[in-house]
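Keep in mind that the numbers below use all heavy atoms, side chains included, and drop hydrogens, waters and symmetry copies.
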Amino acid sequence: MRLNISKVHVSRISLLKAALVAGSALALPHAAFAQDTAAAGQTATEDGTAAQEIIVTGFRKSLEAALNVKRESVSAVDAVVAEDMAKFPDQNLAESLQRIPGISIQRDGGEGRAITVRGLGAQFTRVRVNGLETIATSSDGASANRDRAFDFNVFASELFSSLVVHKTAEASLDEGSLGAVVDLNTGNPLAGKAGLSAVLNMQGSYNDLSKNVGPRLAGLLSWRNDAGTFGVNLSAAYSHTDTLETGNNTVRWSQAYFNSVNGTPCFYSDVGPTGGNPVNSGGGYRPSEACDAAALSFHARIPRYGKVEHDRRRLGLTGSIQFEPTDRTKLSIDGLYSSFKENRSEQWLEVLARSNERRFNLVDPVYDDKGTMIAGTYDNAWVRTESYLRKSETEFYQFGATWDQDVTDTFRFTALGGFSQSNADIPVETTFAYDNRNANGFDFDYSDMKSPVLNYGLDVTNPANFQLAEIRDRPSYVKNKFKTAQLRTEWDMADGFTVKAGGVWRRYDFRTQLFQRDTAACATNGQPDLILGQVTCSSSVYGLPVTSDISRLINLGDAGQPGGTTSSWIVADIDKAANYTNLYARTAVEDLGNNRRVREETSGGYLQFDVKGDILGLEFAGNAGVRYAHTKQTSTGYTAGVAATVGRSYDDWLPAMNIAFYPRHDVIVRGAIAKVITRPSLGNLNPGGSVDGFNYRVTFGNPFLNPYRATNFDASIEWYFAPQALVSVAGFIKKIESFPVAGTYTATLPQLGLGRDVLGQSTPAYINYDPNQEYIVSAQVNGKGATLKGVELALQLPFTFLPGILTHTGFQGNATFIDSSADYQITGPAVSACTRNPTTNACGLSGVSAIYNNTLLGVSKKAWNATLYYDDGKFSIRGSVSYRGPFSDATSATGNIFEGYGSYTSVDAAIRYQATEWMELSIDGNNLTDEYRYRTNDIYAQRNYENNHFGRTILFGARLKY
């Protein structure tokens, strides 16, 4: 073997950072790449002379810089690069990441929030900001993020210069990811021009569903001395958006007994067939074909339409100071602050069938061939309107320092340290419920499963038809803290042979707490209400009187509802109702079942060998090494008010190898194999538990869960067949050796050592407490593994071979196909044929626990995106289409087998015009087709969980540069 690669006195990571910030071609260390880079800058004529240099600007410049990053790396890397300061290609970091092969995103409120890499969800991806691992959580979406997932919507995209996705592991790369390590990089002042640079970006954001316009502002100041030894930059970004989400929801489907079906009573007042008159609670079951069919079918638990408003404000600040007194020494200090505030308000009109079906009289039910009750009428139904408000704020801040030092011509080190903290606080999470518990004539029709007809049998705009039955407030917070110290060293032992070694210490602290001010208005007949003590509770008085003084009228607007659907109703005015009930003066009680803490202290190191050379004329580059990680973990949780703390530790040795061959100057063949881990989900480590008094479920954690451990195999071939062009094929296999799965069993609360006090007072289980009631107990256990395999295809092609203005056009696209398989233990539905209880004659509805095979949760079998663009340096336009196929994201509940999302297609566009040397005009359109997000319940029956849309968003403005 002949080693013929010259020494490079900066690390590959430094090369990548330099290219990312500069947005230009890398100084590549081997001759073949250098030749091709030269070809990208000039075109050879027939006589061998160089033609005029091609100047690449705009969107094409960012594509070229990202392509250079990919080519330079030995491991599998993809990137998104800003073409200039405060000019990231997309308005959201997650939206940019979905352009990378193998990455799909999850949206909330119409914005990208979390990513899935090669089929593995957000908890399997580690994120670093300026080289420091961190977690940013928010309370956006239907619930707060209380796990390891990173919320990309916390940050303004203008604050970053690049995103780098490491798809294969290296010994020198931080552990903790089965999917990918994502680097978010802010600006580098020494990479800019000498003197002062300034950018101001001003936009307005319009949503056609909410009809609101909000500001989006970003600015950057950067200064560097003439010698290039000292630089500083500051950036700031602010945006305010007010978007609307409208649609329908079922909150899952379930099986249950009804009081009567088509006039046939389903119960007697006494146990047995000779009992007395029918009643709507208690009594013994009266078998009949009609009652059996209704009980065994699946009906919507809470059929409803509603609207959700997302009022969001983001503020982001970054600062960086760099000092390079000599060619051998470089010091960097970076800081980042982000504030993300959201007021999320929801208004729903619904029937609360959940746990209340026993009082309903069912008329004219219609069933499909999948056991679903798709239409019918409810009499004596429980109609509810809900008004919900959640005020939340996420504050993220990070401070880090880096020292890069070339000790000699062959030995160098990087010392890195810093801390970060993410606080997701919810000071207000309030719900007011208006009830009418004996409404007649509620008609529902789910023949069109996505857009049902829901028509109510009473005037839901009249306050006199409702009582204020329940108030809730559940403030909470989630806190994540990281402290990191790391040392990396590199020693060029010979030409083309480098030894890398380093050590790391990291401490991660997680804590979440939740409090409650909940109460139902009435708990016991004959007693005063529990809110104000002003009314005496009875069978007909279950709440306080509702007046127009504390209410407001809701108009649904465009929710895709068909004709005949009730679209106006009253809800509580949150501020007025809170004052009326003194809600916020009530003592907040700590919800210990949802409070927990985890501390992980990680220490370890790595040894890696990098080699470059040729074998029999075939150039190659590779790295191989091993990483050691010692994890010390402490978990604290509560059950029934008693705290439990469990400590443990474990060790992992993680070998990794990457190899790249260069059979010709424009072709790279890569391969990789590595042992990887992802530490268990934070919620699963809870040594405590919680009790659900609505669904009769108990959930316990398991602090002794093993990490997810896997062996990853990767191979790819890339052909850079023209300047700025690429066609590639990549294959991957992830053999997950340890995969926590849910285990379930049934038990009563006394059997679990629990009592009525662990139940919420407003839950049916508390109100109708029965010590013999069986609960489904769920806990995570170490299960057998799973396998995931897939293929990525990518094409990047500028149409420089076309004539005239078409030479400025181009295409970027990719597709990912994934196959995965895993076994899950799920309590499914009761059998379709009635199995009677010998005492009560009732059909058994407790469900059957069984093993079901499905794809891994969060995995779409198919995803693709494509971008077509025109960019001549003065005017540019591009259109993008992103598609993600259907996927399951949870094992579900109430007898359903998995739940997840249908396919989703997003169409976006952007236009730029360079009006002057210092001013650029822009217009962007997101979700131009106003795609609905459809969530399904039960993979076999494909029942509606929710179907909603968020409208189109148009951004328009100008960018000024000095």
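Ion pairing between a basic and an acidic side chain is recognised when a charged N comes within 4.0 Å of a carboxylate O; E175 and R679 show such pairing. In summary, D652 and K675 do not engage in a salt bridge, as defined by a charged side-chain N under 4.0 Å from a carboxylate O. Looking at R506 and E601, no side-chain N of the basic residue comes within less than 4.0 Å of a carboxylate O on the acidic one, giving no salt bridge. Looking at R474 and D518, a side-chain N of the basic residue comes within less than 4.0 Å of a carboxylate O on the acidic one, giving a salt bridge.
Of all the heavy atoms in G693 and L759, the pair that sits closest is CA-CD2, 3.9 Å. Of all the heavy atoms in A169 and V676, the pair that sits closest is CB-CG1, 3.9 Å. Closest approach of Y775 and V691 over heavy atoms only: CE2-CG1, 4.1 Å. Residues V74 and R670 come closest through the heavy atom pair O-NH1, 3.1 Å.
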I would like to know whether N853 and S821 meet side-chain hydrogen bond (donor to acceptor under 3.5 Å, both in side chains); could you show each step before the answer?
CA-CA 7 Å; N853 184 268; S821 178; 2.9 Å; yes
Mind running side chain to side chain contact (heavy atoms under 4.5 Å, CB included) on R517 and T587 for me, showing each step along the way?
CA-CA 7 Å; R517 295 188 178 96; T587 300; over 6 Å; no
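In this structure W505 satisfies the ring pair (Phe, Tyr, Trp, His ring centres under 6.0 Å) test with no other residue, sequence neighbours excluded. Scored by the ring pair (Phe, Tyr, Trp, His ring centres under 6.0 Å) test, Y901 finds F887 as partners (sequence neighbours excluded). With sequence neighbours left out, the side chain to side chain donor-acceptor pair (under 3.5 Å) criterion links S635 to no other residue. Residues that satisfy the side chain to side chain donor-acceptor pair (under 3.5 Å) test with K167, not counting sequence neighbours, are D78, E792. Every residue two or more places apart in sequence or in another chain was checked for a side chain to side chain donor-acceptor pair (under 3.5 Å) with T489, and none qualifies. Among residues two or more places apart in sequence or in another chain, the ring pair (Phe, Tyr, Trp, His ring centres under 6.0 Å) test is passed with F399 by none.
Between R344 and K391, the closest side-chain pair of non-hydrogen atoms is not below 4.5 Å. Looking at V164 and N185, their side chains come closer than 4.5 Å, going by heavy atoms from C-beta outward. Counting only heavy atoms from C-beta outward, the side chains of L184 and F152 approach each other to under 4.5 Å.
A side-chain donor-acceptor contact under 3.5 Å links R884 and S860.
In terms of modelled atom types and a separation under 3.5 Å, the side chain of R511 and the main chain of K479 share no donor-acceptor contact. In this structure a side-chain-to-backbone donor-acceptor pair under 3.5 Å is present from D473 to E429. Y650 places no side-chain N or O within 3.5 Å of a backbone atom of A629 that could act as its donor or acceptor partner. Side-chain atoms of N684 never come within 3.5 Å of backbone atoms of S681 as a donor-acceptor pair (strictly under, hydrogens ignored). Judged by distance alone, the side chain of T512 and the main-chain N or O of Y477 form a donor-acceptor pair under 3.5 Å. Distance alone, capped at 3.5 Å, is enough to place a donor-acceptor pair between the Q608 side chain and the A171 backbone.
Relative orientation of the Y508 and F482 rings is parallel, given thresholds of 30° and 60° on the angle between their planes.
For the pair R756 and Y766, the cation sits on the ring face: its NZ or CZ lies under 6.0 Å from the ring centre, inside 45° of the axis.
A distance of 9.5 Å separates OG in S172 from CD in Q486, rounded to the nearest 0.5 Å. A distance of 11.0 Å separates CG in L173 from CG in L654, rounded to the nearest 0.5 Å.
For Y397 and Y337, the gap between ring centers reaches or exceeds 6.0 Å. Taking the six-membered ring wherever Trp is involved, the centroid distance between the rings of F155 and F340 does not fall below 6.0 Å.
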